[in-house]
Amino acid sequence: MNRIAFITGATSGFGRACAHRFAEAGWSLVLSGRREERLAELREALEDKVPVHTAVLDVRDDAAVKAVVEALPDAFAGVTCLVNNAGLALAPQPAQQVDLADWHTMIDTNVRGLANVTHALLPTLIEQGAGTSIINVGSVAGDTPYPGSHVYGATKAFVKQFSYNLRCDLLGTGVRVTDVAPGLAETEFTLVRTGGNQDAHDALYQGTTPLSAEDIAEQIFYVATLPVHININRMDVMPVRQAWAPFAIDRD
Ligand code: NDP
Ligand code: 8X3
């Protein structure tokens, strides 16, 4: 079987680490994201090792997603693993204080964007058959509520349920679906979430041991390379130094 991974959000964090991890194992790569210069850097870093195709892509744009998939060069057209990683959190303040536009951006990216890419690649993945994988990057926020998670956590709950529901429809096709749900991981995620607040980024990861982008890329690679008869439905991964908090109670 060809081994071709289509990775969204490859310009940073988990996506970029996945590009390196899959390249290390000799996979051909389709790398996408909005930042063209970062895609060019990645291509330059990896194309000596493996075939690399890059595409500037905003996953929110369903026509652009379809066009990128339809225009894949022959050597990259038979995608065998989709890593639906592009996503973001915004507006960590309480729900009642945030802009509606930020909610829309999270829904458009994490829900609509993930659906756009999945829909565009499903026929290809089904054609490739047994051993192909859709790996959706969810979050522990998809099933653990916490203050300031509002729409973000809800989009990740969508990722979980969509992954499970896809499994039902794809039964018999050989296509696997996994929701990889990380906890605290140090990437550009918090900078994006806080509108570029470096102090907030530093404070969140200070004095603890978060997951790294490479830790999650290793798990995603593991899921993608399991024997073809195995499907991990959901992988919930936290740092040892993170756990759940007690219920909060409002008192007089
Ligand atoms: P980063 O901010 O480092 O990376 C996010 C990636 O998503 C970037 O490559 C960015 O690329 C891409 N992206 C964002 N919006 C779009 C868009 N509209 N179209 C295409 N690409 C887009 O964060 P992470 O690596 O941490 O995040 C990756 C995924 O992991 C996200 O889905 C996030 O929700 C999830 N996650 C993160 C956790 C964490 O603690 N870090 C924990 C659990 C889940 P570009 O800006 O170039 O488009
Ligand atoms: C990101 C992890 O804990 O900030 O999805 O929600 S968390």
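Indexing begins at 1, ligand by ligand and atom by atom, following the structure's order.
- Of the N or O atoms in Ser12, one or more lie within a sub-3.5 Å distance of an N or O in ligand 1.
- Looking only at atom types and distance, the side chain of Asn116 has no donor-acceptor partner in the side chain of Arg60 under 3.5 Å away.
- Applying the 4.0 Å criterion to heavy atoms of Tyr152 picks out, from ligand 1, the atoms 33 (C), 34 (O), 35 (C), 36 (N), 44 (C).
- The closest protein non-hydrogen atom to atom 7 (S) of ligand 2 is Tyr146 OH, 3.4 Å.
- Each of Asn110, Asn85, Asn84 was compared with Asn136 under the side chain to side chain donor-acceptor pair (under 3.5 Å) criterion, and only Asn84 meets it.
- Counting the atoms of ligand 1 from 1 in the order shown, those under 4.0 Å from a heavy atom of Thr11 are 8 (C), 9 (O), 10 (C), 11 (O), 45 (P), 47 (O).
- Hydrophobic clustering, with ILVMFWY side chains joined whenever heavy atoms are under 4.5 angstrom apart, groups Leu82 together with Val65.
- Not a single heavy atom of Ala17 sits under 4.0 Å from any atom of ligand 1.
- Phe189 is connected to Val111 through a chain of hydrophobic side-chain contacts under 4.5 Å among Ile, Leu, Val, Met, Phe, Trp and Tyr, so both are in one cluster.
- Close contacts between ligand 1 and Glu188 involve ligand atoms 2 (O), 3 (O) [criterion: under 4.0 Å to a heavy atom].
- Shortest contact from atom 4 (O) of ligand 2 to any protein heavy atom: Arg193 NH1, 3.2 Å.
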Requested in this report: Please report the C-alpha distance between Asp61 and Arg112 in whole Å, then the side-chain angles of each, then the deciding distance to 0.1 Å, and finally whether the salt bridge (Lys or Arg N to Asp or Glu O under 4.0 Å) criterion is met.
Outcome: CA-CA 9 Å; Asp61 181 344; Arg112 194 186 161 108; over 6 Å; no
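- A cation-pi arrangement is found for Arg193 relative to Tyr152, the charged atom lying closer than 6.0 Å to the ring centre and inside a 45° cone about the ring normal.
- Side-chain contact between Lys49 and Glu24 is absent, with no heavy atoms from C-beta onward closer than 4.5 Å.
- With Asn85, Val137, Asn136 as candidates, the residue nearest to atom 32 (O) of ligand 1 on a non-hydrogen basis is Asn85.
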Report task. Please assess Glu188 against Arg38 for the test salt bridge (Lys or Arg N to Asp or Glu O under 4.0 Å), listing each intermediate value before the final yes or no. Result -> CA-CA 14 Å; Glu188 293 176 16; Arg38 292 219 184 171; 2.9 Å; yes
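- If you look at Thr109 next to ligand 1, the close heavy atoms, those under 4.0 Å, all belong to the side chain.
- When only non-hydrogen protein atoms are considered, atom 2 (C) of ligand 2 lies nearest to Ser139 OG, 3.7 Å.
- Interface atoms of ligand 1 facing Arg35, defined by a heavy-atom separation under 4.0 Å, are 8 (C), 10 (C), 11 (O), 45 (P), 46 (O), 47 (O).
- A salt bridge does not link Asp179 with Lys160: none of the charged nitrogens is closer than 4.0 Å to a carboxylate oxygen.
- The protein non-hydrogen atom at the shortest distance from atom 18 (N) of ligand 1 is Asp58 OD1, 2.9 Å.
- The aromatic rings of Phe22 and Phe221 sit perpendicular to each other, their planes meeting at more than 60°, with 30° as the lower class boundary.
- Within the structure, ligand 1 has Gly138 among the residues with a heavy atom less than 4.0 angstrom away.
- A chain of hydrophobic side-chain contacts below 4.5 Å, direct or via other Ile, Leu, Val, Met, Phe, Trp or Tyr residues, connects Phe162 to Leu125.
- Within the 4.0 Å heavy-atom criterion, neither part of Met238 lies near ligand 2.
- Against a heavy-atom cut-off of under 4.0 Å, Phe189 is close to the following atoms of ligand 2: 1 (C), 4 (O), 5 (O).
- Contact analysis leaves Glu186 out of contact with ligand 1, as no non-hydrogen atom separation drops below 4.0 angstrom.
- Atoms of ligand 1 found under 4.0 Å from any heavy atom of Gly87, numbered from 1 in the order shown, are 5 (C), 7 (O), 14 (C), 31 (C), 32 (O).
- Summary of contacts: the protein heavy atom closest to atom 27 (O) of ligand 1 is Phe14 CD1, 4.2 Å.
- Ligand 2 has no N or O atom lying under 3.5 Å from any N or O atom of Gln242, backbone or side chain.
- Note: the hydrophobic cluster containing Val237 also contains Val83 (ILVMFWY, side chain heavy atoms under 4.5 Å, direct or indirect links).
- Nearest non-hydrogen protein atom to atom 46 (O) of ligand 1 is Arg34 NH2, 3.0 Å.
- The nearest non-hydrogen atom to atom 24 (P) of ligand 1, considering only Thr187, Ile216, Val237, Leu211, comes from Thr187.
- Distances from atom 43 (C) of ligand 1 to the heavy atoms of Pro182, Gly9, Ala86, Ser212 put Pro182 nearest.
- In summary, the atoms of ligand 2 found under 4.0 Å from a heavy atom of Ala141, numbered by their order in the structure, are 6 (O).
- With a heavy-atom cut-off of 4.0 Å, Leu57 touches ligand 1 through its backbone alone.
- Distances shorter than 4.0 angstrom occur between a heavy atom of Arg60 and an atom of ligand 1.
- In terms of polar-atom proximity, Ala185 is counted as a contact of ligand 1, with an N or O under 3.5 Å from an N or O of the ligand.
- Taking a cut-off of under 4.0 Å to the non-hydrogen atoms of Gly13, the atoms of ligand 1 that pass are 3 (O), 25 (O).
- Look at Arg21 and Glu218 and you find a salt bridge, because one of the NZ, NE, NH1 or NH2 atoms lies within 4.0 Å of a carboxylate O, short of that distance.
- For atom 42 (C) of ligand 1, the nearest non-hydrogen atom from the set Ala64, Ser139, Gly183 comes from Gly183.
- By the 30° and 60° cut-offs, the orientation of the rings of His201 relative to Tyr205 is perpendicular.
- Taking each heavy atom of Gln128 and Val79 in turn, the nearest pair found is CG-O, 3.3 Å.
- Heavy-atom proximity to Tyr152, at under 4.0 Å, picks out these atoms of ligand 2: 1 (C), 5 (O), 6 (O).
- Scanning both residues, Ala55 and Leu39, for their nearest heavy atoms gives O-CD1, 3.5 Å.
- Contacts with ligand 1 closer than 4.0 Å are made by no heavy atom of Arg16, backbone or side chain.
- Closest protein heavy atom to atom 19 (N) of ligand 1: Val59 N, 3.0 Å.
- Around the CD atom of Gln206, the shell of radius 6.0 Å holds no more than 12 heavy atoms that belong to other residues, nucleotides or ligands.
- Side-chain contact between His20 and Leu42 is present, with at least one heavy-atom pair separated by less than 4.5 Å.
- Put simply, no part of Thr8 is less than 4.0 Å from ligand 1, judged by heavy atoms.
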